[in-house]
Amino acid sequence: MGLFAKFKAGLQKTHNKLVHEIKRIVTRSPRLDAASLEELEAALIGADLGMELTTQIIAKVKQSFETQGKDGGGFFDIAAAEVEKSFVASESKLRHAPSGLTVVSIVGVNGTGKTTTAAKLAALVQGRGEKAMLAACDTFRAAAIEQLKLWGQRLKVEVVAGTYGADPAAVSHDAVTAAQARKANFLFVDTAGRLHTKHNLMLELQKLHRVMGKQLPGAPHEVLLVLDATTGMNALNQAREFHKSVPLTGLVVTKLDGTSKGGMVVSIQKELGLPVKFIGLGEQADDLQPFDAKQFAEALFKE
Ligand SMILES: Nc1nc2c(ncn2[C@@H]2O[C@H](COP(=O)(O)OP(=O)(O)OP(=O)(O)O)[C@@H](O)[C@H]2O)c(=O)[nH]1
Ligand SMILES: [Mg+2]
């Protein structure tokens, strides 16, 4: 499947809902009057595109209809262009250490898709011909270590693990040592799920990062917060709080295939000023895709 087809399939729910509603509104009313513009606005907000961007799209649509007359296709083109433009032109690629090992820490609340994302990222990097390793730093949740090891076996990626109850910082220390010894290009660190409101757990995460930073200056080079798209704008609060405790370098939004509110990707990066680096469009190893504003915008609106 090509990249656009992947985006399209993963964003199907959001796309269907948006396009269905917009078509209904546009074909029903003979002129694009105030009431139908209001309905269009509601449809965009319903997909979590956010107030600011929605207002912008509606203004552009109004302007275009006033100058060029009514045209249903026009709406989708305008909306896609505005969505694409709204993404901060920041680097959406995975950061690279200037030389040697790059350490990527994967953080977030419980169940958002951290472990799966760590594994998928390892697969992605390996697919580019680079060597990846995984660190099982969730020593807390039952079966977390086995879960990552299983991914490791499946992907043929080495996993460095400790025992349950071990200090995650100690495991990360061992993992960095092992990854350096094996001349790995990337080490993906799977951390335990934690609520942003649990102070002691946030301190634990700070310690984990501090220990790696002492061992390898600059590490972790990338701190990715994994957000579950199906939790909608709750994710925003999680992101703000995590960012206060451990400076984030980017976002991963997972489970977009399970929501019709995929517009949250747009509003959340706008609110936080952090780049969305990857999006999760399914449960398989190749369902994690590097974010691409153009493909994303077109998958939402184009047929
Ligand atoms: N549909 C779908 N499911 C996903 C995606 N990403 C992860 N999942 C599923 O979400 C569930 C939780 O994923 P995990 O990777 O275990 O989540 P986690 O954040 O590591 O969970 P904890 O370690 O318990 O905090 C699993 O069943 C994954 O298969 C995605 O993009 N789409
Ligand atoms: Mg996990």
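Every number for a ligand or one of its atoms is a count from 1 in the order of the listing.
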Next on the checklist: List ligand 1 atoms under 4.0 Å from L281, heavy atoms only on the residue side.
Outcome noted: 31 (O)
Checklist entry - For T254 and ligand 1, does the shortest N/O to N/O distance drop below 3.5 Å? => result no
Checklist entry - Is the side chain of T249 donor-acceptor paired with the backbone N or O of V223 at a distance under 3.5 Å, no angle test? => result yes
Checklist entry - Within a radius below 2.8 Å of the Mg ion (ligand 2), how many protein N, O or S atoms are present? => result 1
Checklist entry - Is the shortest distance from a heavy atom of Q147 to ligand 1 less than 4.0 Å? => result yes
Checklist entry - Which part of D257 is near ligand 1, with near meaning a heavy atom under 4.0 Å away: side chain, backbone, both or neither? => result side chain
Item to check | Distance from atom 3 (N) of ligand 1 to nearest protein heavy atom, with residue and atom | outcome: E283 CG, 3.2 Å
Next on the checklist: If the contact criterion is a heavy-atom separation under 4.0 Å, does G111 count as touching ligand 1?
Outcome noted: yes
Checklist outcome for this item: Residues at least two apart in sequence or cross-chain that pass side chain to side chain contact (heavy atoms under 4.5 Å, CB included) with R154, listed by chain then number, are L150, W151
Next on the checklist: Show the atoms of ligand 1 that are less than 4.0 angstrom away from any heavy atom in K114.
Outcome noted: 15 (O), 17 (O), 18 (P), 19 (O), 20 (O), 21 (O), 22 (P), 25 (O)
Item to check | Polar contact flag for G280 and ligand 1 (N/O pairs, less than 3.5 Å) | outcome: yes
Next on the checklist: Tell me which pairs pass side-chain hydrogen bond (donor to acceptor under 3.5 Å, both in side chains) where either residue lies in residues 254-267, with sequence neighbours left out.
Outcome noted: D228-K255
Checklist entry - Does G282 have a non-hydrogen atom less than 4.0 Å from ligand 1? => result yes
Item to check | Residue pairs fulfilling salt bridge (Lys or Arg N to Asp or Glu O under 4.0 Å) with at least one residue in residues 235-249, sequence neighbours excluded | outcome: R240-E271, E241-K244
Next on the checklist: Evaluate T112 for polar contact with ligand 1, using N/O atom pairs at a separation under 3.5 Å.
Outcome noted: yes
Next on the checklist: For ligand 1, which is the ligand I care about here, please tell me if T117 has any N or O atom under 3.5 Å from one of the ligand's N or O atoms.
Outcome noted: no
Item to check | Ligand-side contact atoms (ligand 1) for residue partner D138, heavy atom cut-off under 4.0 Å | outcome: 23 (O)
Item to check | Sub-4.0 Å atoms of ligand 1 with respect to non-hydrogen atoms of R141 | outcome: 22 (P), 23 (O), 24 (O)
